[in-house]
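Following: one structure in structure tokens, then a few remarks.
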Amino acid sequence: MLDIAPSQQAATWLGSFGRALEAGDVDAATNLFAEDCYWRDLLTFTWNIKTMEGQAAIREMLEATLATAKPSHWRLSGEASADEGIVEAWFTFETVVARGEGILRLQDGRCRTLFTAMSELKGFEEQKGPARPLGIRHKADPGRETWAEARAREARDLGVREQPYCLVIGGGQGGIMLGARLRQLGVPSLIIERNARPGDSWRNRYRSLVLHDPVWYDHLPYIPFPENWPVFTPKDKMGDWLEMYTRVMELNYWVATKCVSASYDEAGKIWTVVVDRVGQRITLKPKHIVFATGAYGPPRQIALPGAETFKGELLHSSQYSSGEKFRGKQVAVIGAASSGHDVSVDLWESGAEVTMVQRSPTTVVKSDTLMEVGFEIFSEKALTRGISTDKADMIVASTPFALVPKGQRALYDVIRARDAAFYDRLRATGFAIDFGEDETGLLMKAYRTGSGFYIDVGACELIINGEVGVRSGVGIKSLTPSGILFDDGSELAADAIISCTGYQSMNETVAAIVSREVADKVGPCWGLGSGVKGDPGPWQGELRNMWKPTAQEALWFHGGNLALSRFYSKYVALQIKARMEGIATPVYGAPSNFGP
């Protein structure tokens, strides 16, 4: 088939696939896939976020879901393309309850990867674009309720006279984006945030913090950053944008509110959630709760023998906001990933004498390099080629996690060669560099463990020039009254120690609010089950527990960086909306804690 035009190849395959599915012929549909094949589905067939690997897994999924999904109307979207023998095509389709879209990739006429994702629920489409609400009826009406009056009434009643269908715990970027999606779908929702203002989760971080990802990667749903927005967003600017966004998107958002406890009535299918709102205890009764408390969970405190004897200040990075009070002092930073580097820079800029204590090798990539070779589809150049942020999101999502390492390994071969002199200079300081256990680099570390990497935005030059010291390759034996004693007998004097040691899984937040039993029932969040250190198996093929049904009914997790929160907030919202409207949502596949 290689001599046939790509669009014709794709149309032929899609037509055969659609006919086989409509006929209920699972064998015929499965035989259209290559032996080494993958089908990643976001809700349309599975009501789950799940990847089927191999023909047997695809056959098993179709046998379980085809009669319920009733897929139809498979059509190509635009022209297909071909590159190195792979034909790629975008398409749309429908199920009995939803409309979907996807991407297929053919090799030698058979499907190597298939991606299907729910676009909207039939009858519950978002009111946007041509379907946007009128906003007002132009007629005289003595009983008129203005927009401001309606918003005030809603804010006054929600959580008091009327209960939210969904409670979002955590009002940072993830909670805000999910709240916007839920509101657009008409799901009564309430976001609670312990800080005093929306955006404070950014404002309260150390003064020099700037996003390491570029603007094209970081847009929020519905309201993209304006064209004059800087490529790298300062933290306070990000905080102000999030605060503006909550107002413009009309989110019901309670500040200074802490979740005290939550319990689920399995019989009544309802949560009882006690919150403390500015000192007042309020009981809420949502049908669903979503933990959106950050990419991860509570701070991870490592055991430091002798900590009680240390006479200086000992902080976790989550408690650190400014290096100003450490001016002229000796400060040890434990940890050499993103927070460790950023805090070290902030301390150095504040006039502290800084030494970074590196406990394990770090994957480092120069920001300029990553911008040029790693964010190619999230860029101004991509926009000129017609690749919008939404389209780039779909391209990323269409690649099964099992196939990502190969591409990342090739990418880091390029990066290591390109920046060889930089890495030589950095290693010469004693700083330990790696690119992951299997040489797959930063992205796979982010997916697998969420730790051990740094996008260099300035700290590495300070290390290379000796402005920030490094102690690497030797373990910490204990703290002493005046600093740190290492296993080799050497000591490091310190007036303060900042532990940049990361965060626990989000299910630990569940343990504190719901119960240890439920937290253990759900299991850890994040990670793929790759078997590398910090990412225990079995292989999941998807991020554990994120954005999909968990082992605890009506409990969800939402989080990740801005890009992941933007993309997956849509699918969390669609799942909750379907349940609110009584649409059948038969979930295919066991929750993450039960393995693949």
Side-chain angles (χ1 to χ4, degrees), residues 128 151 154-155 158 164 166-185 187 189-259 275 277-278 290-297 317-318 321 338-339 342 378 389-390 393 503 506 509 547 556-570 572-573:
K128 62 181 182 179
R151 282 291 294 136
E154 183 180 30
L158 192 63
C166 180
L167 176 68
V168 180
I169 301 171
Q173 62 201 36
I176 286 171
M177 284 190 255
L178 177 58
R181 299 279 197 188
L182 289 166
R183 185 164 187 87
Q184 288 301 106
L185 286 172
V187 178
S189 304
L190 175 63
I191 305 167
I192 59 172
E193 166 61 34
R194 66 171 59 203
N195 285 312
R197 294 165 59 194
D200 275 354
S201 54
W202 283 96
R203 293 189 192 93
N204 294 342
R205 303 300 300 280
Y206 36 92
R207 58 178 287 277
S208 60
L209 178 63
V210 174
L211 270 69
H212 295 181
D213 298 326
V215 62
W216 306 279
Y217 188 66
D218 290 337
H219 291 300
L220 276 62
Y222 310 115
I223 310 177
F225 295 114
E227 291 188 357
N228 65 341
W229 199 263
V231 172
F232 299 106
T233 308
K235 70 177 183 75
D236 296 287
K237 191 175 181 70
M238 188 70 221
D240 288 350
W241 183 263
L242 290 173
E243 186 169 27
M244 175 280 298
Y245 190 90
T246 62
R247 291 201 181 105
V248 173
M249 295 305 294
E250 303 176 17
L251 305 186
N252 294 302
Y253 191 104
W254 287 3
V255 297
T257 303
K258 180 182 178 182
C259 190
V275 304
R277 187 185 189 193
V278 200
V290 181
F291 282 86
T293 52
Y296 313 108
S317 59
S318 60
S321 59
S338 296
S339 293
D342 285 346
F378 293 95
T389 297
D390 287 343
D393 280 343
Y503 295 82
M506 268 200 290
T509 305
W547 317 298
W556 309 79
F557 292 103
H558 176 59
N561 60 17
L562 285 155
L564 291 170
S565 292
R566 172 187 65 244
F567 183 71
Y568 287 103
S569 58
K570 175 179 180 176
V572 178

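Being a predicted model, the structure only gives us computed values, none of them experimental.
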At what distance, to the nearest 0.5 angstrom, does [atom1] of [X] lie from [atom2] of [Y]?
X    : Y    : atom1 : atom2 : value
L242 : K237 : CG    : NZ    : 12.5 Å
M506 : H558 : CE    : NE2   : 9.0 Å
H219 : F567 : NE2   : CZ    : 15.5 Å
I192 : W254 : CD1   : CH2   : 8.5 Å
W202 : N195 : CH2   : CG    : 13.5 Å
R183 : T246 : CZ    : OG1   : 11.5 Å

Answer whether the closest heavy-atom distance between the side chains of [X] and [Y] falls below 4.5 Å.
X    : Y    : value
F557 : T293 : no
L182 : V168 : yes
P226 : W241 : yes
S317 : Y206 : no
W547 : L564 : yes
P224 : W229 : no
L220 : F225 : yes
L158 : P164 : yes

>> Whether the side chain of Q173 engages the backbone of G559 through a donor-acceptor N/O pair (distance < 3.5 Å, no angle test) should be reported.
In response: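 No; judged by distance alone, with no hydrogens or angles, the pair does not exist.
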> Just by distance, do the side chain of S189 and the backbone of V187 share a donor-acceptor pair under 3.5 Å?
Replying inline: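 Side chain of S189 to backbone of V187, a donor-acceptor pair under 3.5 Å: yes, one is there.
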>> How about CZ on R277, more than 12 heavy atoms from neighbouring residues, nucleotides or ligands closer than 6.0 Å, or not?
In response: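 For R277, atom CZ is crowded (more than 12 foreign heavy atoms under 6.0 Å).
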> Is it the case that more than 12 heavy atoms not belonging to R247 sit under 6.0 Å from its CZ atom?
Replying inline: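 Atom CZ in R247 is not packed in, count stays at 12 or less.
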Can you see which heavy atom on [X] is nearest to which on [Y], and at what distance?
X    : Y    : answer
F232 : D213 : CD2-O, 3.7 Å
R151 : L251 : NH2-O, 3.5 Å
S569 : R181 : OG-NE, 3.0 Å
P198 : V255 : CD-CG1, 3.8 Å
I223 : M249 : CD1-SD, 3.7 Å
K235 : R205 : CE-O, 3.0 Å

> Any idea how F378 and Y217 line up, ring-wise: parallel (<30°), tilted (30 to 60°), or perpendicular (>60°)?
Replying inline: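 Perpendicular: the ring planes of F378 and Y217 meet at over 60°.
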>> Pair R197, D240 - check side chain to side chain contact (heavy atoms under 4.5 Å, CB included), show working.
In response: CA-CA 9 Å; R197 294 165 59 194; D240 288 350; 4.0 Å; yes
>> Tell me whether D200 is salt-bridged to R203, with the criterion being a basic N under 4.0 Å from an acidic carboxylate O.
In response: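 Looking at R203 together with D200, the answer is yes, because their closest N to O distance falls below 4.0 Å.
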> Is any NZ, NE, NH1 or NH2 atom of the basic residue among R566 and D218 found under 4.0 Å from an Asp or Glu carboxylate oxygen of the other?
Replying inline: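 Looking at R566 and D218, the cut-off is not met.
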